[in-house]
Amino acid sequence: MAFTGFAITVLLLSLASDARPCSDHEKSSLLRFITGLSLDGGLAMSWRRNGTASCCSWEGIACNGDEVSLPGRGLQGSISPVLGDLTGLRRLNLSHNSLSGELPLERLLSSSRNLAVIDVSFNGLEGELPYSVASHGWTLQVLNISSNLFTGEFPSASFVMLDLSYNKFSGRIPAGLGNCSGLKVLKAGHNKLSGALPDELFNASSLEYLSFPNNGLYGTLDGASITNLRNLSHLDLGGNQLNGKIPDTIELPSALSNCTNLVTIDLRNNNFSGELAMVDFSTLINLKTLDLLYNNFTGTVPESIYSCSNLKALRLSDNKLHGQLSPRISNLKSLVFLNFKGEAMPQDETIDGFQNLQFLSLSKCSLTGKIPLWLSKLKILEILFLEKNQLTGPIPAWIKNISNNSLTGEIPTALTTMPMLTSKKSTARLQQRVYELPIYVAHALEYHIPTAFPVLLNLGRNNFTGLIPDKIGQLKTLVSLNLGSNKLTGEIPQSICNLTNLQVLDLSGNDLTGGIPMGLNNLHFLSKFNISNNDLEGPIPINGQISTFPSSSFDGNPKLCGPMLAHHCGPAETTVFTEETDERVKKVMFLIAFGAFFGVGVMYDQLVLSRFFG
Ligand SMILES: *[C@@H]1O[C@H](CO)[C@@H](O)[C@H](O)[C@H]1NC(C)=O
Ligand SMILES: *[C@@H]1O[C@H](CO)[C@@H](O)[C@H](O)[C@H]1NC(C)=O
Ligand SMILES: *[C@@H]1O[C@H](CO)[C@@H](O)[C@H](O)[C@H]1NC(C)=O
Ligand SMILES: *[C@@H]1O[C@H](CO)[C@@H](O)[C@H](O)[C@H]1NC(C)=O
Ligand SMILES: *[C@@H]1O[C@H](CO)[C@@H](O)[C@H](O)[C@H]1NC(C)=O
Ligand SMILES: *[C@@H]1O[C@H](CO)[C@@H](O)[C@H](O)[C@H]1NC(C)=O
Ligand SMILES: *[C@@H]1O[C@H](CO)[C@@H](O)[C@H](O)[C@H]1NC(C)=O
Ligand SMILES: *[C@@H]1O[C@H](CO)[C@@H](O)[C@H](O)[C@H]1NC(C)=O
Ligand SMILES: *[C@@H]1O[C@H](CO)[C@@H](O)[C@H](O)[C@H]1NC(C)=O
Ligand SMILES: *[C@@H]1O[C@H](CO)[C@@H](O)[C@H](O)[C@H]1NC(C)=O
Ligand SMILES: *[C@@H]1O[C@H](CO)[C@@H](O)[C@H](O)[C@H]1NC(C)=O
Ligand SMILES: *[C@@H]1O[C@H](CO)[C@@H](O)[C@H](O)[C@H]1NC(C)=O
């Protein structure tokens, strides 16, 4: 009691004191806040147990910082405005709980005149925030309300850091933000914002982090203004409908060259156009991430990019770029993530570098001939896309050098055009991993975590020959198998029927013969099935999954018969068995021996496939 009395005296004598022990009034406000919740994570009990002491010793309360810090405490229910009675409060952190209802922002700010930091991110809060919360004696510097359900318009006031991402804000970005001369971080991605980026925004010259991905922003980005943001290090405008044009030197993104602090440029999924080579990347010595996926850039890949020696992630695919990448690309020693499309890769066998590459996509890159040897040096590669090239010949033997990593637990899990294999062990390891950039398979799908990535083997549209190996039945995690448009021969192996996770099976456009295995009816998740344009024969299995696919799945096999085809089955065609030929049995024996030699299942599968696709 004596201590409390002393505290009140101190309070009266020195209202502005930074380090105040808490008063009875504040204790009761805190208790009312906590008992106002529907679930308090045991805090009310713990606080009451310590009731005689100053609340400075209460869990989550720090008096020297005038802080209430209760992140991830399992709090549920609504935030009582009584928190506003903590007039000396400077920092409030209630992130990662299950709080709902409204955030009493005005009440908090009008009474807690020192409140500088509010973090209520990752809750279920909703409602609108006051549009202009600016008022006399504004002290709030950090407002993090990301990952909630807030609606209405975007608040405007003089913040230092404002994170509104992952909410349901709509309307335009308020021009008033441009008056925030101290604003350093502005994140508002994944909302429903629309309209243009206001020119005024570029008057907030302290901005270091500007991020508005996945909204409905449109219009032209004013490149001249963006150069005001000299300290900009992170620009993320991906997933909008913005446009802009180069080569006009003052327009975006050529103007970006003057923002020499840039670390991240993300303009993906917009409509930027112009000659990319007009941008001088050589000044962006700090650049680590450049993502220009899905835009309308033209010309060649700028030489200056090769001087960004800190670049870790580079994605230029789905633009209108052409030409050939320079061997200087191997200067980019830090690259972890590389994604091109449509450009030719250097075939130079002497290329060295890329030691750090974990993700490489070279789809539609006009690769011809053999898989380039320099790929063999990518020791820690985890995902490789080589689809839609003109690769021929066998899967090279050095593939085992990449898969050598499996011996130390570093297995490339999703080699898609090369034989790709997974094991439970490797997926567990990769669960923790997040790629430098989200990976897209279909336009709408986003994968940050490789295990969320459907396991797919895509060897389609190449010129592979030979049989489909029986051992393909061991790739049990496969969700999608595409061997379409090659020159594969022989029968559809029965073992494919063991791939019970398959959702997509495409064997079309080969020279496959024999009957359709009855067991395909076991593939209960199959939603896309295509065996058209082969030389298959006999009846299509009736009364099962396979018979539900349309005729287009089977067309172009004159000897096939079935109810969905013009060619109905006669009595003589009811049974065609696909029997194991002697030759096939011999191959299997050989493969078992081969596998035993290497002893690592994962690697084994790759080698098996390499033998058969030769
Ligand atoms: C209560 O106070 C004591 C000492 O003041 C402290 O050691 C303890 O951690 C506090 N919290 C709980 C839950 O008992
Ligand atoms: C709030 O607490 C979480 C969890 O400890 C932490 O990650 C976050 O940085 C804190 N917020 C602020 C603004 O310090
Ligand atoms: C909320 O944003 C602030 C400012 O950027 C940051 O310090 C804090 O860590 C964020 N909170 C969480 C839970 O990440
Ligand atoms: C910015 O501040 C100036 C001066 O205080 C004011 O006149 C102007 O209206 C403000 N701009 C916006 C967009 O709020
Ligand atoms: C930016 O600020 C300058 C001076 O502070 C002012 O003259 C200019 O009109 C402002 N621009 C915008 C677009 O608000
Ligand atoms: C940019 O950053 C530098 C160094 O941190 C700082 O001195 C300068 O004031 C900043 N510029 C603006 C406009 O905030
Ligand atoms: C970029 O900087 C150069 C040299 O500092 C300057 O001449 C040029 O005008 C600037 N460009 C823009 C668009 O600001
Ligand atoms: C992309 O921008 C061009 C002009 O640069 C425009 O003609 C076209 O309609 C835009 N496309 C989309 C999808 O906005
Ligand atoms: C590229 O521009 C063309 C016409 O200028 C437009 O039809 C197309 O939608 C644009 N592409 C993107 C990704 O915006
Ligand atoms: C496959 O090889 C043939 C020649 O044998 C060639 O005409 C064709 O273009 C090749 N197809 C692909 C996709 O490379
Ligand atoms: C595979 O690795 C071994 C040992 O690391 C090396 O000697 C060999 O040259 C490599 N082969 C290829 C094709 O890279
Ligand atoms: C399917 O898997 C089972 C169990 O793993 C195995 O016994 C069987 O031989 C496989 N069938 C084929 C056709 O590979």
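Read the numbers this way: they start at 1 and go in the same order the structure lists the ligands and their atoms. Since the model is a prediction, treat every value here as computed from it, not as a measurement.
Close approach to R91 involves these atoms of ligand 2, each under 4.0 Å from a residue heavy atom: 14 (O). Listed by atom number, the atoms of ligand 6 under 4.0 Å from N231 heavy atoms are 1 (C), 2 (O), 3 (C), 8 (C), 10 (C), 11 (N), 12 (C), 14 (O). Contact atoms of ligand 3 toward M161: 4 (C), 5 (O) (distance under 4.0 Å to a heavy atom of the residue). Close contacts of ligand 2 with N93, meaning ligand atoms under 4.0 Å from a residue heavy atom, involve 1 (C), 2 (O), 3 (C), 8 (C), 10 (C), 11 (N), 12 (C). Close approach of ligand 3 to S121 is summarised as follows: ligand atoms under 4.0 Å from at least one heavy atom of the residue are 11 (N), 12 (C), 13 (C). Atoms of ligand 6 lying under 4.0 Å from at least one heavy atom of S206, given by number and element, are 12 (C), 14 (O).
The nearest heavy-atom contact from the protein to atom 13 (C) of ligand 6 is S205 O, 3.4 Å. Distance from atom 1 (C) of ligand 3 to its nearest protein heavy atom, with residue and atom name: N144 ND2, 1.4 Å. Distance from atom 9 (O) of ligand 3 to its nearest protein heavy atom, with residue and atom name: D119 OD2, 4.5 Å.
With 2.5 angstrom as the limit on SG-SG distance, C55 and C63 do not come in below it.
Within a 6.0 Å sphere centred on CZ of F122, other residues, nucleotides and ligands contribute more than 12 heavy atoms.
Salt bridge E59/R73: present, at least one basic N to carboxylate O contact under 4.0 Å. Under a 4.0 Å N-O distance rule, the pair D266/R315 does not qualify as a salt bridge. Using a cut-off of 4.0 Å between Lys/Arg side-chain N and Asp/Glu carboxylate O, E303 and R328 are scored as salt-bridged.
Taking the ring axis of Y209 as reference, the NZ or CZ atom of K187 stays within 45° of it and closer than 6.0 Å to the ring centre.
Below 3.5 Å of separation, one finds no N or O of S95 facing any N or O of ligand 3.
Taking both residues in full, the closest heavy atoms of N319 and N295 are given as OD1-C, 2.9 Å, listed atom of the first, atom of the second, then distance. Between R268 and N214, the closest heavy-atom pair is NH1-OD1, 4.1 Å.
Protein heavy atoms are found inside the 4.0 Å sphere centred on atom 11 (N) of ligand 6. In this structure, atom 5 (O) of ligand 6 is not in close contact with the protein, since no protein heavy atom lies within 4.0 Å of it.
The closest approach between any non-hydrogen atom of H96 and ligand 2 is not below 4.0 Å. Judged by the shortest distance from any of its heavy atoms, V117 lies inside the 4.0 Å radius around the atoms of ligand 2.
If you look at D163 next to ligand 3, there are no close heavy atoms at all, none under 4.0 Å.
Between the side chain of N123 and the backbone N or O of N148, no donor-acceptor pair lies under 3.5 Å.
Checked by atom type, the side-chain pair N240/N215 shows no donor-acceptor distance below 3.5 Å.
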